[in-house]
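Just below is one structure, and these are the notes that go with it.
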2 protein chains.
Amino acid sequence: MVAADPLSQVFAALADPTRRDIVARLAVRDATVTELAAPYPVSVQAVSKHLKVLEDAGLVSRRREAQRRPVHLEAEVLDLTTKWLERHRRRAQARYRRLDALLASMPDEPGAGTGTAPGATAGSTDPGAGP
Amino acid sequence: MVAADPLSQVFAALADPTRRDIVARLAVRDATVTELAAPYPVSVQAVSKHLKVLEDAGLVSRRREAQRRPVHLEAEVLDLTTKWLERHRRRAQARYRRLDALLASMPDEPGAGTGTAPGATAGSTDPGAGP
DNA sequence: GACCCGTTCAACCATCTGGTTGACAAAGCA
DNA sequence: TGCTTTGTCAACCAGATGGTTGAACGGGTC
């Protein structure tokens with residue numbers, strides 16, 4: 001693995017329905033690998049791989065307990081993605097509001113200028129720059 | 001493509017940093033494919049593919065405008081993922097609180113009766129909390 | 001009509017991913 | 001001391017993914 005950025009790892013980890021289901025079940029209680037694997041029609045090894053993906057993303061941790069390896073959900077990491085989503089959803093909504101105001105303020109203008117909005121054109125590539 | 005469930009598609013779409021950056025920029029304003037492609041060291045075709053992924057996930061829409069295809073962010077779809085994340089984070093936090101209360105209420109009890117806690121989960125999947 | 005611009009389609013390639021099976025390590029139980 | 005349970009590691013395979021290049025299409029402009 002090429003050590004992708006954390007956000008990508010978390011999103012990628014949650015992009016698989018089996019892994020999402022595992023997370024959902026771990027949100028209720030910790031569980032061992034065999035317990036987690038039981039409901040799925042796949043081998044235990046496959047589930048172990050899924051857990052490795054979740055662990056690399058920081059979403060779960062495993063402790064040693066005799067020969068069992070109980071898996072524990074690290075719920076705070078979910079906040080990382082939530083924050084990203086919220087930031088951009090809010091930003092988009094703010095824009096809609098601004099657009100509404102703009103449209104309300106101008107009487108009518110024939111079609112030409114729609115795409116070339118005032119201000120910058122494709123400037124900031126940085127997704128992390130917060131307000 | 002095998003028509004994966006919407007949630008998986010959205011998460012998978014956001015698992016790529018380039019696509020996430022595109023979403024971030026579209027949250028500020030609509031843009032054409034070439035505008036979007038400009039900052040990245042990849043071909044326009046590659047960006048067009050990324051946009052197809054985002055479109056299949058319902059995250060963006062394209063309208064026809066002369067020979068341009070301005071891309072527009074559909075921000076509501078982000079709520080889908082936010083809701084999923086919030087639900088499970090809240091569930092996990094509720095569990096921690098419950099566990100705290102449980103630990104506070106019992107002095108100490110070696111393994112046996114742990115799984116039969118009141119109300120919660122009775123699944124006995126949780127191997128006792130042995131230090 | 002000829003031409004250019006913006007965009008997509010098609011074919012190809014390297015790599016990643018999710019799954020399999022088989023072997024093996026670690027810890028408890030007979 | 002074996003034997004069973006639990007879990008991981010390794011090798012392998014089919015299919016998806018992200019990238020490339022080259023060709024084609026749709027629509028203005030000359």
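Below, chain A is the first sequence line, B the second, and so on; all start at residue 1.
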Geometric class of the B/Phe11/A/Phe11 ring pair [parallel <30°, tilted 30-60°, perpendicular >60°]: tilted
What one-letter contact string describes nucleotides 19-30 of chain D from 5' to 3', where B marks a base within less than 4.0 Å of any protein heavy atom, S marks contact via sugar-phosphate atoms alone, and - marks no contact? BBBB---B-S--
How many Å lie between NZ on A/Lys52 and C1' on C/dG19, as a whole number? 17 Å
note: B/Tyr40, atom OH; D/dG18, atom P; distance rounded to Å ~ 14 Å
Residues in side chain to side chain contact (heavy atoms under 4.5 Å, CB included) contact with B/Arg69, at least two apart in sequence or another chain: B/Arg62, B/Arg64
With no hydrogens and no angle check, is any side-chain donor or acceptor of B/Arg91 less than 3.5 Å from a backbone partner on A/Ala27? no
Testing C/dT8, C/dG6, D/dG7 for proximity to the side chain of B/Arg62, the answer is C/dT8
Do NZ/NE/NH1/NH2 and the carboxylate oxygens of A/Glu86 and A/Arg89 come within less than 4.0 Å? yes
A/Arg63/A/Asp30 ion pair, N-O < 4.0 Å: yes
Rounded off to whole Å, could you give me the CG-to-C1' distance for the B/Leu36 and C/dG6 pair? 13 Å
B/Lys52 and B/Asp56 ion-paired at < 4.0 Å: yes
Specify the separation, in whole Å, of atom CZ of A/Phe11 and atom P of C/dT17. 17 Å
Without decimals, in angstroms, what is the distance between A/Asp56 CG and D/dT8 C1'? 14 Å
Does C/dT7 have its OP1 or OP2 closer than 4.0 Å to a side-chain nitrogen or oxygen of B/Ser48? no
Rounded to the Å, how far apart are B/Leu51 CG and C/dG6 P? 16 Å
